[in-house]
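Side chains are part of it too, since the values below use all heavy atoms of this structure and drop only hydrogens, waters and symmetry mates.
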Amino acid sequence: MSAHTASTGSTGSTASTGSTTAPAVPDFPLERSGRCPFDPPGEHRDWQRAPGLQQVRLWDGTRIWAVTRHEEVRAGLRDPRISADGLHPGLPSLAASRKMAPEEVVFPRMDDPQHAEQRRMLTGAFTVRQTEAMRPRIQEVVDDALEGMIAGGRPADLVTKFALPVPSRIIAVLLGVPYEDHDLFEDSSKLLLDLSADVERVQAAKQWLYTYLLDLVRRREREPGDDLLSRLVAERVTSGELTRRQAVYIARALLVAGHETTANMITLSTLTLLRHPEELARVRDTDDPRTVADAVEELLRYQTIAENAVVRVALEDITIGGQPVRAGEGLIFCLPVANRDGGLLDDPDSFSIDHQARGHVAFGYGIHQCLGQNLARAELQIALPTLLRRLPGLRLAVPFEEIEFHGKRVTFGAARLPVTW
């Protein structure tokens, strides 16, 4: 057991009273520093094994509870007494730059019924049926990005040449954002998800995205197209259900989440398969879409990239895992370590396509489960086998130890992935 465990009910940091010493309250978030960068921070595993919940301290001194066990994460995320309300004063902010103005709060940071009302405006674009209809277009985008990477010569950075262009172009098409502006909205999105970035830089990125998307909303009012933003404007802004400002912030949420997360998953999934050549061969050589789908579910579980994404606040006095949590206290749900819980499956730290991983919480759980999960799954199911079949000799161009992973961010990923073939 580490020095960070067994703080059940503690409200103090390190403090000595006579011969006893209260356990320290660790700062949060922590960076991954274990034997393998694929593993969640070792402290999270210690907290998972200890009784109760772990109290952690945020940048502003606020103390919240970390939930790490799989079943408790699922129970908490479906509990109506636990809120995602971005206007609740107890909802944790993991960095100064993550504090939101009231007008910025959109459906991921709302409770029902407001959450359901805004979410219903968007669900039609992300259904299984709609996603299936998009598969030919996704395949075209994947093929085009791959040919572009190959034409650029060896070695290449998989992140900038393949993993990022695929979801970035798909969400741009779906939303109605000009892809030629991708460098600008990708750079701004990265800053919004960086928990260590200067507040001023993040605010500048927010302002740029707001101005850019507001201009786009106004253009869609004059020149509607066949895209989600046009429909949102025509059906919701014109009717008065949404203001222009609300439409802009919804578009921002979709644009940022719609490419950064999947780009990280394509990158880490490729890297994971390269480290597990027998599993890679199964994905590359199969004609069975179920094998590919199972591999993607296992990759989502094993590489859960929503590192610091799910914060909540208790609306009532409740108990989670035997730990009393008072009304108004904040919670962070640690999805990566929850997906490495032995309560989910046996040998959770190993990667195997044969794992029955479909109970994972990589997309969250409950009413706020990721809206774009069907699209993300389709992109991964198409991108990974296409990449491996087109480039059967794909391999790292640098030693594994030289790969640079992200530090304190909302999502985990690799900054670059040099590959050759």
Side-chain angles (χ1 to χ4, degrees), residues 73-88 91 98 100-134 167 170-177 189 192-193 209-210 213 216-217 220 227-262 300 306 309-313 315 331 333 335 360-379 410-411:
V73 164
R74 285 165 58 104
L77 292 180
R78 66 175 178 250
D79 191 331
R81 300 171 299 172
I82 295 177
S83 168
D85 183 1
L87 298 180
H88 194 293
L91 192 81
R98 296 289 293 172
M100 302 177 76
E103 63 271 19
E104 291 182 85
V105 175
V106 294
F107 66 99
R109 287 284 178 265
M110 292 176 172
D111 294 334
D112 284 347
Q114 290 82 9
H115 160 264
E117 288 171 5
Q118 281 201 3
R119 191 174 171 111
R120 272 196 297 270
M121 298 177 186
L122 308 165
T123 49
F126 296 96
T127 62
V128 171
R129 182 178 180 182
Q130 184 63 27
T131 301
E132 289 301 303
M134 287 187 67
I170 293 295
I171 194 63
V173 169
L174 191 150
L175 196 54
V177 173
S189 299
L192 264 59
L193 299 175
L209 265 175
Y210 177 80
L213 291 170
L216 203 55
V217 165
R220 292 293 175 261
D227 54 69
L228 179 55
L229 191 56
S230 292
R231 291 193 291 277
L232 205 58
V233 168
E235 297 169 9
R236 309 297 180 176
V237 176
T238 302
S239 68
E241 291 178 78
L242 291 177
T243 64
R244 282 198 187 104
R245 181 182 288 272
Q246 287 173 313
V248 166
Y249 285 121
I250 288 173
R252 189 183 78 179
L254 296 175
L255 182 62
V256 174
H259 73 274
E260 178 75 13
T261 51
T262 309
L300 287 164
V310 182
V311 291
R312 297 286 188 270
V313 57
L315 297 177
L331 298 146
F333 288 84
L335 304 187
H360 67 72
V361 290
F363 291 114
Y365 194 70
I367 64 171
H368 289 88
Q369 197 167 163
C370 175
L371 177 67
Q373 61 181 288
N374 295 324
L375 181 60
R377 283 188 168 102
E379 292 177 9
V410 176
T411 54

Restricting to non-hydrogen atoms, name the atom on [X] and the atom on [Y] that form the minimum distance, rounded to 0.1 Å.
X      : Y      : result
Leu213 : Ala251 : CD1-C, 4.1 Å
Pro167 : Thr262 : CB-CB, 3.7 Å
Phe126 : Asn374 : O-ND2, 3.0 Å
Asp85  : Leu87  : OD1-N, 2.8 Å
Arg231 : Ala125 : NH2-CB, 4.5 Å
Leu335 : Val361 : CD1-O, 3.4 Å

For a 4.5 angstrom cut-off between non-hydrogen side-chain atoms, does [X] reach [Y]?
X      : Y      : answer
Leu229 : Val217 : yes
Gln373 : Leu300 : no
Asp111 : His368 : yes
Arg98  : Val410 : yes

Lys/Arg N to Asp/Glu carboxylate O, Glu104 vs Arg109, below 4.0 Å: no
With rounding to the nearest 0.5 Å, note down the distance linking [atom1] in [X] to [atom2] in [Y].
X      : Y      : atom1 : atom2 : answer
Met121 : Glu241 : CE    : CD    : 4.5 Å
Thr238 : Leu232 : OG1   : CG    : 10.0 Å
Leu193 : Glu260 : CG    : CD    : 5.5 Å
Asp79  : Arg312 : CG    : CZ    : 11.5 Å
His259 : Leu174 : NE2   : CG    : 14.0 Å
Met110 : Ile367 : CE    : CD1   : 12.0 Å

For Arg220, salt bridge (Lys or Arg N to Asp or Glu O under 4.0 Å) partners two or more places apart: Asp227
Audit row: Arg377, Thr131, side-chain contact (heavy atoms from CB on, under 4.5 Å) steps and yes/no: CA-CA 9 Å; Arg377 283 188 168 102; Thr131 301; over 6 Å; no
Per the side-chain contact (heavy atoms from CB on, under 4.5 Å) rule, which among [options] passes with [X]?
X      : options                        : answer
Leu228 : Val173, Leu254, Ile171, Ile250 : Leu254
Leu216 : Val177, Leu255, Val248, Val233 : Val177
Val106 : Gln118, His115, Met100         : Gln118

Cation-pi, Tyr365 ring and Arg74 (6.0 angstrom, 45 degrees): yes
